[in-house]
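Before any comments, here is the structure.
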2 protein chains.
Amino acid sequence: MNSTSTAGLPPKTRDALTAAQLYYLQDLTMDAIAHELHTSRSSVSRLLGHARETGLVEIQVKSPLDMPRQLEGDIRSEFGVVAHVVPVPDQTSDVDRLERVALSAARILGGFVDSNMSMGVAWGSTMSALSRHLLAKPTHNSTIVQLNGAANPRTTGLLYASEILQRFGAAYSATVQQFPVPAVFDDPATKAALWRERSISRVVEMQNSLDVAVFGLGSPFAGVPSHVYIGGYLDDDDFASLRAAGVVGDVATVFYREDGSTDGIGLNERSSGPSMEVLTGIARRVCVVAGETKLQSLRGALAAGLVTDLIVDSGTARMLVGN
Amino acid sequence: MNSTSTAGLPPKTRDALTAAQLYYLQDLTMDAIAHELHTSRSSVSRLLGHARETGLVEIQVKSPLDMPRQLEGDIRSEFGVVAHVVPVPDQTSDVDRLERVALSAARILGGFVDSNMSMGVAWGSTMSALSRHLLAKPTHNSTIVQLNGAANPRTTGLLYASEILQRFGAAYSATVQQFPVPAVFDDPATKAALWRERSISRVVEMQNSLDVAVFGLGSPFAGVPSHVYIGGYLDDDDFASLRAAGVVGDVATVFYREDGSTDGIGLNERSSGPSMEVLTGIARRVCVVAGETKLQSLRGALAAGLVTDLIVDSGTARMLVGN
DNA sequence: AAACCCGATGCACAAACGTGCAAGGAGAGT
DNA sequence: ACTCTCCTTGCACGTTTGTGCATCGGGTTT
């Protein structure tokens, strides 16, 4: 037989690996591979799909180092963050835009993940889309940690948030740490009390020593409110106070103004999300943004120094640097 | 417009980059991309081909680290070299085998190249095939150095060897150092004299400080003689002496026995290739072998410790570890 | 200015590919 | 033993992709 034999691992993986070699390294057609593997061409097609999904095959697009892409360079020099601009036609709808940014972000994220890492993950529509497109990259001893609670007066939010977390865990073969608390507490004292519970403080401590954080941005007063703002997490008084305080956005239910400041925003005392200090203590902070409605929010996050790596669609990127 | 604008670099590259992002990172069809770029689908197809050829897109196949491939593991533990086994059906002809190994080798080689490196390159049918499939990887300040002369009583060999060298140079945007000397001298004194010429000694010195060497293997007495042995480089007396000395193969016209020894092989005094000591002083020594006719030669090279990285077809690999 | 060359373009066709579907098979539960 | 479920397979079809060819436009040579 053909064979580059491997032992132990599932024959499916074994075949996928061989097929990937033949297809991507030797440019055989799927037909030819099917013949070599004694199966049908369609199986080979599926095999290759499997190989891509599970990270056996890695495809990178790298811009020539000589000339970094202009927008990315502009953003870097103006805001001091590494930018990944996702090309999207200008007339694209916001949903498509999100979908395409999420798709690219999911692939870029693979480069940030490695063994023995802990990664903090927020939730929201951006993170949900992102999680749906993750490519597998096997690691050892990694942990995915939920950044902020997802419960609200109507639901525990666990299903929604854990679905996202689980997908991250599966993609990176990492253990998952959920954070079963309300997104925003009614009473700050309850939060303080809960934070003393060992089961909870354990997670909080993990949040304090993350290697990477991944999050989208909320934009309370923009055209299309994010998940946080329509899910019943906040009541009318909360909204009013946010507006009064001049809030333009949030990261993991922690709110900030356009200049990045947070002082005197009462809601943050009751929020389950990590404080700005904790967040900025994380070495790599990946922010995923799609759509111009989040522009103001993005400016705030950048001003606050919350972001080290920005993944953003080209339209919003252009608005950001103003041209 | 769409745009992720870049400046300076050729619009072709710019478009290829965008197309690659849309195709490989966002899974659009070429049709859709053609629409976004305002061109025809066929142009996009060619654009993507260009992107792959020029290294804008990099595709890697990685075996799960958990379970390295069996043959590769066997070879590593038995011979202490990193092996890349190229799957090839057993009944493949030797030419196809060579072609397929060369194709894979060309892609693997990309991972060994980087800026500020000097790479020694041999010539021969294997290297020729390999050079034809190299993928571009732009580097700075790299050098390709010819390992051994290619002139013989019939031709200067420059065309043949330089074609190979040039392709390496082009692929890695490196400067090329040719070595315009006979493969094998008639008179060792001439070699000594020439080695004192500054134009030549300059190259010899570069050979002494290489970071990587890439070479195939010769097998003088195997079924299909390699390029060296039919090109008129050696006369009948030479052949007789090689046979008498028990030679099984060569690297860059430096000959060795099956046990890796070279003592008393007179021809080596007259060879233009780097001595074993020089070769083994190079940190990474990549050997590309296709076909069982080179098995004996391969054993010799391994015994001599000439190889750190081996790229070999599955059939020969299996013979090598004996099962 | 004419002739020429070279690379880029779109067309049209054939080759290669992805996927819904129905059939088959292995294993778990009854 | 039977059924039910879940996964895998190959087929058939429509879609997507590669490429030979004719064309065109810009730049160079004569």
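Because only heavy atoms are used, hydrogens play no part in the values below, and waters and symmetry mates are left out as well, while side chains stay in. Proteins come first, then strands; the chains are lettered A, B, ... in the order of their sequence lines, and each starts at number 1. Owing to the predicted nature of the structure, the values given are computational and were not obtained by experimental measurement.
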What does B:T29 touch in the nucleic acid at a heavy-atom separation under 4.0 angstrom: a base, only the sugar-phosphate, or nothing?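 Here B:T29 touches the backbone only, sparing every base.
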Give B:S43 one of three labels, base, sugar-phosphate or nothing, depending on what nucleic acid heavy atoms sit under 4.0 Å from its own.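 Sugar-phosphate, backbone atoms only, no base.
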Is it true that [Y] and [X] share a donor-acceptor pair across their side chains at a distance under 3.5 Å?
X: B:Y24; Y: B:R52; value: yes
X: B:R14; Y: B:T18; value: no
X: A:S93; Y: A:R97; value: no
X: B:S40; Y: B:S43; value: yes

Could you check how far [atom1] of [X] sits from [atom2] of [N], rounded to whole Å?
X: B:M30; N: C:dA15; atom1: CE; atom2: C1'; answer: 13 Å
X: B:D27; N: D:dT17; atom1: CG; atom2: C1'; answer: 15 Å
X: B:H35; N: D:dT16; atom1: NE2; atom2: C1'; answer: 17 Å
X: B:I33; N: D:dT17; atom1: CD1; atom2: C1'; answer: 12 Å
X: B:L37; N: C:dG10; atom1: CG; atom2: P; answer: 11 Å
X: A:Y24; N: C:dC17; atom1: OH; atom2: P; answer: 10 Å
X: B:L28; N: C:dG18; atom1: CG; atom2: P; answer: 16 Å
X: B:R41; N: C:dA8; atom1: CZ; atom2: P; answer: 18 Å

Side chain of A:S45 - closest among C:dA12, C:dG20, C:dG18: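 Minimum distance to the A:S45 side chain belongs to C:dG18.
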Out of C:dA12, D:dC21, D:dG10, which nucleotide sits closest to the side chain of B:S42?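 Nearest listed nucleotide: C:dA12.
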Assess whether a salt bridge exists between B:R107 and A:D27, defined as any Lys/Arg side-chain N lying under 4.0 Å from an Asp/Glu carboxylate O.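 So B:R107 pairs with A:D27 through a salt bridge.
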Phosphate OP1/OP2 of D:dT16 contacted by B:Y23 side-chain N/O (<4.0 Å):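 Looking at the OP1 and OP2 atoms of D:dT16, neither is under 4.0 Å from any side-chain N or O of B:Y23.
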Relative to the 5' end of DNA chain C, which residue comes earlier, A:R52 or B:R46, by the nucleotide with the nearest heavy atom?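 The residue whose closest nucleotide sits nearer the 5' end is B:R46.
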